[in-house]
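Have a look at the structure below, then the notes.
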Protein chains: 2
Amino acid sequence: MARTPTTHDPFNAVAEPKRRQVLAVMGTQELSVNEIVERLGWNQPMVSKHLRVLKQVGLVSERRVGRQRMYQVNAEKLRPIFDWVTPFEKLWNERFDRLDEVLEEMQKRRKNNE
Amino acid sequence: MARTPTTHDPFNAVAEPKRRQVLAVMGTQELSVNEIVERLGWNQPMVSKHLRVLKQVGLVSERRVGRQRMYQVNAEKLRPIFDWVTPFEKLWNERFDRLDEVLEEMQKRRKNNE
DNA sequence: TTGACATATTCCTATATAGGAATATAATAC
DNA sequence: GTATTATATTCCTATATAGGAATATGTCAA
């Protein structure tokens, strides 16, 4: 079997460093492809291709305006990543008296079989 | 060029759902390979292979005890993921009066070229 | 309708899996 | 030594990129 496709979920989509760059450069703004191209200094097809993957997993939304296509980050799709990684954060960042909470969260996670 | 290797960084390592399961099932405990095998119900080589990738990116540490190998999650290696995804969390989770902070963080991130 | 602009797609290739099956290595006990 | 237990590795294959280069599609303007 091959690797999980990049378009399978947000985890796989943002595993590619360039796609994280795209999201970071977009931030909260709605940008056209060319604006992203300018900010990143990449060639246009490369940007379009990465946007395609991001769009397929819902990480960006597209809106057509004349001959432009405006893209915008759909941050909520990053939530599964945030939710998955947050419990671990306690392990390096907080005092030991919250370890029990960490364990509880792990337990729930285990039940959900994820 | 091919896809970024799974062993390149934590982002790529945990893109594989099975490896997230491994980390979740380990939690805060130090477990032998067989203990992980039992908890997940997978075959042993499969577990070993995934542990290998996780170890190569530092997400787990290994300790040899007799013929066993004890593995433990090294949560800190997940920090880059946490740090990257956290600013976006504000976009869906908090009131709009903190949007300026979000933008600041995005800006810093952009300067670090990540 | 022709040209310019904005963006997407296709074709190509080197590369890297993930999983199954079989086997190798290592440590311990007898 | 030999068997047993614990774990890792090798061999195999189908599959999916990511990037470069070239080209296609779509839209507007004169």
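The shown structure was predicted, so the numbers you read here are calculated from the model rather than taken from an experiment. We name chains A, B, ... by the order of the sequence lines, and we start the count at 1 in each one.
When the P atom of C/dT9 is taken as reference, atom CG of A/L51 falls 11 Å away, rounded to whole Å. Per the geometry, CG belonging to A/L40 stands 12 Å off P belonging to D/dG19, to the nearest Å. The CG-P distance, from A/N34 to D/dT27, rounds to 16 Å in whole Å. Summarising the geometry, the separation between CD on A/E16 and C1' on D/dA16 is reported as 13 Å, rounded to the nearest angstrom. Rounded to whole Å, the distance from CZ on A/R67 to P on D/dT27 is 11 Å. Between the CG atom of A/N43 and the C1' atom of D/dA18 there is a distance of 11 Å, rounded to whole Å. Distance CG (A/L54) to P (D/dA18): 10 Å, rounded to an integer number of Å. Atom P of nucleotide D/dG20 and atom CD of A/Q44 are separated by 13 Å, given to the nearest angstrom.
Residues A/T4 and B/P17 have side chains in contact (heavy-atom distance under 4.5 Å, counting atoms from C-beta outward). Residues B/L78 and A/E89 fail the side-chain proximity criterion, which asks for heavy atoms closer than 4.5 Å. Counting heavy atoms from C-beta on, the side chains of A/V14 and B/V85 never come closer than 4.5 Å.
The residue B/R64 sits apart from the nucleic acid: no heavy atom pair falls under 4.0 Å. Residue contacts shown for B/E35 are absent, as no nucleic acid heavy atom lies under 4.0 Å away. Nucleic acid contact class of A/T4 (heavy atoms, under 4.0 Å, all strands): none. As judged by a 4.0 angstrom heavy-atom cut-off over every strand, B/Q68 is placed among residues touching the sugar-phosphate backbone only.
A sub-4.0 Å separation between OP1 or OP2 of D/dA8 and a side-chain N or O of B/Y71 is present. Within the structure, a side-chain polar atom (N or O) of A/H50 is placed less than 4.0 Å from OP1 or OP2 of D/dG19. Residue B/R52 places at least one side-chain N or O under 4.0 Å from the OP1 or OP2 atom of D/dT9. Checking the phosphate oxygens (OP1, OP2) of D/dT15, no side-chain nitrogen or oxygen of A/R3 falls inside 4.0 Å. Taking only side-chain nitrogens and oxygens, B/S48 never comes nearer than 4.0 Å to OP1 or OP2 of D/dT7.
For the pair A/G66 and A/A2, both in contact range of DNA chain D, the more 5′-proximal nearest nucleotide belongs to A/A2. Along DNA chain C, the nucleotide closest to B/M1 and the one closest to B/R69 are compared, and the more 5′ of them pairs with B/M1. Across the interface with DNA chain D, nearest-nucleotide mapping of A/K49 and B/V33 shows B/V33 to be the residue nearer the 5′ end.
The listed nucleotides are C/dT15, D/dT7, C/dT9; the one nearest the side chain of A/P45 is C/dT9. When the nucleotides D/dT7, C/dG19, C/dA16 are ranked by their closest atom to the side chain of B/S32, D/dT7 comes out on top. Distances from the side chain of B/T6 to the nucleotides C/dA16, C/dG20, C/dA18 place C/dA18 closest.
When each of A/I36, A/V37, A/L31 is paired with A/V33, the side-chain contact (heavy atoms from CB on, under 4.5 Å) condition holds for A/V37 and for no other.
Looking only at atom types and distance, the side chain of A/S61 has no donor-acceptor partner in the side chain of A/Q72 under 3.5 Å away.
Pairing each heavy atom of A/F88 with each of B/A75, the nearest pair is O-CB, 3.9 Å.
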